[in-house]
**Q** 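Right, I'll just put the structure down here and ask away after.
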Amino acid sequence: SAYLRQGHADEFTRQAPAKRKEVLGNILGLSVYDQLEDRAKELVKQYEVDTAQLENAIAEINAELAQKPDIETELEQAQKTLADVAATAQEKETSLNDLRQKKEAMETRKTQLDELEARLITSSRNVQRWEEQEQQHQARIKQYEVIIGRKADIEAGYTEYTGVKKTVDELERNFRQFVSLERQKEQIERKIEQAKNELLKEHAVIESRIREHDRKTQNLPELKNQLSQAQARLLKTEEAEADIRQKEQSAQDMQSRISTLTAENTRLEKEIGEVVEKLDLIAKHIESHTEAKCPLCERELTKEGLELIATKYNKEKQQKTDALSQNRQEQTRQKTEYDALIQEKAKMEVTLNHEKANVQSQTGALTKEISSIEEESSRLAELKNDLTNIEEQLAKSEFAASEQSALATIETDLGNLKYDAETHEQARQQLKQLEPYERDKTKLDEAEKLITQERDALKRAGEEIQSLRDSIKTDNEKKEALAAELTRLPELREALAAAEADYREISSQRSRMQETVGSIRARLERLSQLEVKKKEKQTQISQASKEEGIYRELVKAFGKTGIQALIIETALPEIEEEANRLLNRLTDGRMTVRFETQRETKKGTVQETLDIVIADELGTRNYEMYSGGEAFRINFAVRIALSRLLARRAGAPLPTLIIDEGFGTQDTTGMEKLKESINSIQGDFEKILVITHMDELKDAFPNRIDVTKTGDGSTITVN
């Protein structure tokens, strides 16, 4: 669809020439060539950078390759030195290995001597340990013999101890049962007392509720009176709400009148501006003493004719200025009344909301309190009956029946137990006096069982002591022989340390020479690799230069003066033809439009542009020299032409034309021409939708959708 939005029909024509060209480029889809141009520029820069980097790399490679003869000479000398050092290292390694073998043999004997000394120490400690065990066995045998000598006395006392202990155990069982029954009795008595206290508490609560109900019942008539008063206040708030709604409707009506005056003022200001423009144009003709054609009858106008037209326009300007002044005064008065009405309405709403909230809160609280009192009145008899039942239970002790039954059973069990604390204490004292016989009986049994084992252990300890003493004598003889042989060990260690130091030094020299040779060979290998890289980079430079030249050509081709300029030059005749076709209908062939893409500068060069040049009976002028109704006709024709071009390039139909307002700039003749033009192009569109507030334009079309604003909203009528 082609959409001429209100106030934006000149979106293309009023732009600067450069911006017009940009918009036209977007319509023609030329942005893809801008993208291609940017991409080609990026690739040119990339290839320039790549070439510079490759040239720098080749220069660095040449500097390194110049060192190759010196490095080869250095490698030959290093290999010769390495061979001499390796031969010396081999001789010292052979001598060092011989000394190491001799030292290892001597170290083995030293280890044997250390082991003998450690074994002698261990054997001496073992002899001492076995002697201590021998003494311990002898002492335990003497203790066992003393205990066994008291056997008859110990057994008699132990027999008496076991009899008394049996009696004490029986009394202990009775004591634990007695304590358990007393504890149960105490717990049950607490539960019975607790049940009684709970009944007393419930009795007090019910009495309190009855007294509180009696007090509230006395206040019930007063509460109902307060509720009636609150409901009456609530009805008054509804009347205040009706007053607020009436003021709100008045404010809406007043705001609608203000909006109407604003729209009328905007129209008058625009018409006054058009009249001023026409007066300026007539004044220019009068000052330059040039003749002009009448836009209605196309006759030549003299200076007197132009002055007559100017007088008419001045009168029209004064009438519209007076009407605008009256409208502004009326608008100011309406705005003042509207603001006062809004403030009054806001104050009334605040007061009403506060009063309504208070009344609703009071009504809810009173209703809830009255309902609570009436509900408690229905339960008063039940509460009094509960109070009587509690008093009877307390008087007859009819509570905690299971606990009272359990208490009677426990008291019976305590009477049958017959526990005597004094007898229990006497038996404990007697048992305490006989307890030593229990310990003596345990020692007697242990002595009879272990005395034979201790005697056997005493004999075995004596045999171990003699065996260890014989072993110590043999090890001492071996120790003396090894000590005499190890006197040569310090001398051998010194010789080995000196040989190892010499070998480490020569090995270090050999390692350094090997590293030097390896480093020189690595440098030569790197130079060989650099020669290969140099050839590769030279090939890459040649290819990069070729690609750079190709993309430089593409930058020119995709630029504003290349393919884009050719496409615009091809499209402009099509736009001019379509725009002039419509403009011919709108002006009866009086005006034509032409697009110029180049302009000669003051320096004599040619500058790219997109000027709109219009020719009429007064001559040829740029678009910017036109205003009002004439500018709208030009905008209308160019806008439709652009829409058709865009649709054709997209391969799509253009079935709908939408024109949103913009007709206020037309005089009577211009309005008639516009009606004729719209009707004349109706065959080019399936549907034309015209949006307007002007009654003289509404009647020009058979099908209308009328939108009417009312106090309850807008309504739509189709006819």
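As the structure is a prediction and not an experimental result, all values here were calculated from the model.
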**Q** Is a side-chain donor-acceptor pair under 3.5 Å present for Gln540 with Glu536?
**A**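 The criterion, which ignores hydrogens and geometry beyond distance, is not satisfied for Gln540 and Glu536.
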**Q** Taking NZ, NE, NH1 and NH2 as the nitrogens, is one of them in Arg552 or Glu548 under 4.0 Å from a carboxylate oxygen of the other?
**A**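 Salt bridge: yes.
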**Q** Regarding Thr332 and Arg328, do their side chains bring together a donor and an acceptor under 3.5 Å, going by distance alone?
**A**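 Distance-only check fails for Thr332 and Arg328.
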**Q** Are side-chain N/O atoms of Ser643 and Arg639 paired as donor and acceptor at under 3.5 Å?
**A**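 Indeed, the side chains of Ser643 and Arg639 share at least one donor-acceptor pair under 3.5 Å.
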**Q** How close do Val593 and Ala579 get, heavy atom to heavy atom, and via which atoms?
**A**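 Shortest heavy-atom separation between Val593 and Ala579 comes out as CG1-CB, 3.8 Å.
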**Q** Search all heavy atoms of Leu341 against all heavy atoms of Ala251 and return the closest pair with its distance.
**A**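 Scanning both residues completely, I find the closest heavy atoms to be CD2-N, 3.5 Å.
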**Q** Give a yes or no on whether a salt bridge exists between Glu42 and Lys45, defined as a side-chain N under 4.0 angstrom from a carboxylate O.
**A**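 Not counted as a salt bridge, because no side-chain N and carboxylate O are separated by less than 4.0 Å.
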**Q** Closest approach of Ala641 and Ile575, non-hydrogen atoms and distance?
**A**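 Here Ala641 and Ile575 meet closest at CB-O, 3.6 Å.
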**Q** Please indicate whether Tyr33 has more than 12 foreign heavy atoms, meaning atoms of other residues, nucleotides or ligands, lying under 6.0 Å from its OH.
**A**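 Atom OH in Tyr33 is not packed in, count stays at 12 or less.
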**Q** Using a strict threshold of under 4.0 Å (side-chain N to carboxylate O), is an ion pair present between Arg267 and Glu264?
**A**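 So Glu264 pairs with Arg267 through a salt bridge.
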**Q** Taking the basic N atoms (NZ, or NE/NH1/NH2) and the acidic carboxylate oxygens, is any pair closer than 4.0 Å for Arg512 and Glu515?
**A**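 Here Arg512 does not pair with Glu515 in a salt bridge, since their nearest N and O are not under 4.0 Å apart.
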**Q** I'd like to know if Arg594 and Glu596 make a salt bridge, using a cut-off of under 4.0 Å between side-chain N and carboxylate O.
**A**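 Yes, this pair counts.
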**Q** Going by an N to O cut-off under 4.0 Å, is there a salt bridge joining Glu316 and Lys312?
**A**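 Salt bridge between Glu316 and Lys312, a charged N being under 4.0 Å from a carboxylate O: no.
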**Q** Classify the side-chain pair Asp322/Gln326 by whether it contains a donor and acceptor separated by less than 3.5 Å.
**A**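 No, no side-chain donor-acceptor contact under 3.5 Å.
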**Q** If only side-chain N and O atoms count, and only distance matters, is there a donor-acceptor pair under 3.5 Å linking Asp34 with Gln564?
**A**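 Distance-only check passes for Gln564 and Asp34.
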**Q** Determine the minimum heavy-atom distance between Glu37 and Val555, stating which atoms define it.
**A**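 What the structure gives for the nearest pair is CG-O, 3.9 Å.
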**Q** For the residue pair Tyr47 and Tyr551, categorise the inter-ring angle as parallel (less than 30°), tilted (30 to 60°) or perpendicular (more than 60°).
**A**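 Answer is parallel, since the angle falls under 30°.
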**Q** Going by atom types alone, do Glu60 and Asn56 pair a side-chain donor with an acceptor below 3.5 Å?
**A**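 No - no donor-acceptor pair under 3.5 Å links their side chains.
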**Q** Do the side chains of Arg257 and Glu337 get close enough for a salt bridge, i.e. N-O under 4.0 angstrom?
**A**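 No, no charged N to carboxylate O under 4.0 Å.
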**Q** Would Asp616 and Arg621 pass as an ion pair if we require N to O under 4.0 Å?
**A**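 Yes.
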**Q** Which atom names give the shortest non-hydrogen contact between Val275 and Tyr313, and what distance separates them?
**A**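 For Val275 and Tyr313, the tightest heavy-atom pair comes out as CG1-O, 3.3 Å.
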**Q** Quick one: do the Glu686 and Thr656 side chains pair a donor with an acceptor below 3.5 Å?
**A**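 No.
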